[in-house]
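Everything below concerns the one structure shown next.
FYI, side chains are in, hydrogens and waters are out, and symmetry mates aren't considered; it's all heavy atoms of this structure. Read the numbers this way: they start at 1 and go in the same order the structure lists the ligands and their atoms. Residue numbers run from 1 in the order of the sequence given.
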Amino acid sequence: MDIFAYIKRDHRKVAGMMDDVMSIRLPAIRQNIFHKIRSELIAHSKAEEQTFYVAVEAAASESVRLQMAHSVDEHQDIADCLTVLDNTPISSEFWIEKFGELKQAVTHHVHEEENDVFPKARVLLTPAQARQLAADMDRLKQQFLEDMEFEIPAL
Ligand SMILES: [Fe+2]
Ligand SMILES: [Fe+2]
């Protein structure tokens with residue numbers, strides 16, 4: 001698997017989890033899935049920045065580097081949204097509204113990444129690099145997920 005397939009698989013997984021949250025009414029179960037989504041999004045974004053984005057930026061022109069900086073800003077917006085959700089009662093109207101915003105922000109970011117960043121990155125990275133980056137990103141992501149397990153209160 002190369003980095004493009006790896007990232008896409010992650011994107012589909014989190015999209016499915018976000019759909020699940022909206023259909024679940026029991027607060028404890030919703031909280032549980034939300035924590036999984038939060039961990040997935042944070043681990044994915046951080047690992048992606050430190051492997052895929054670094055490799056693309058190293059090979060890219062100034063305009064592509066600017067686009068990567070924009071993508072990093074979107075990761076930050078998503079992280080900020082997760083913090084607000086974390087500090088809001090999960091059964092409140094505001095939580096639902098804010099979760100809708102998160103979903104929209106993630107969908108927009110994923111669309112840009114796959115449709116604007118990927119075509120440029122495919123030109124810049126060799127197939128061997130793309131395969132190596134998938135392994136690197138996966139290792140780093142698992143590490144971030146393990147680190148976060150200790151921060152999230154068990155339900
Ligand atoms: Fe991504
Ligand atoms: Fe991303």
Original post:
Are Glu48 and Lys141 within salt-bridge range, i.e. N to O under 4.0 Å?
Top reply: no
**OP:** Write the atom name of the N, O or S atom in His44 that is nearest the Fe ion (ligand 1).
**Re:** NE2
Subject >> Of the N, O or S atoms in Glu48, the one nearest the Fe ion (ligand 1) >> reply: OE2
Original post:
Which class fits the ring pair His44 and His11: parallel under 30°, tilted 30 to 60°, perpendicular over 60°?
Top reply: tilted
Original post:
Is it true that Phe52 and Val123 fall in one hydrophobic cluster, defined by side-chain heavy atoms closer than 4.5 Å?
Top reply: no
**OP:** Calculate the angle formed at the Fe ion (ligand 2) by NE2 in His75 and NE2 in His109; 10° precision is enough.
**Re:** 90°
**OP:** Looking at Glu113, pick out the N, O or S atom nearest to the Fe ion (ligand 1) and give its name.
**Re:** OE1
Original post:
Shared ILVMFWY cluster between Ile37 and Phe94, side chains joined below 4.5 angstrom?
Top reply: no
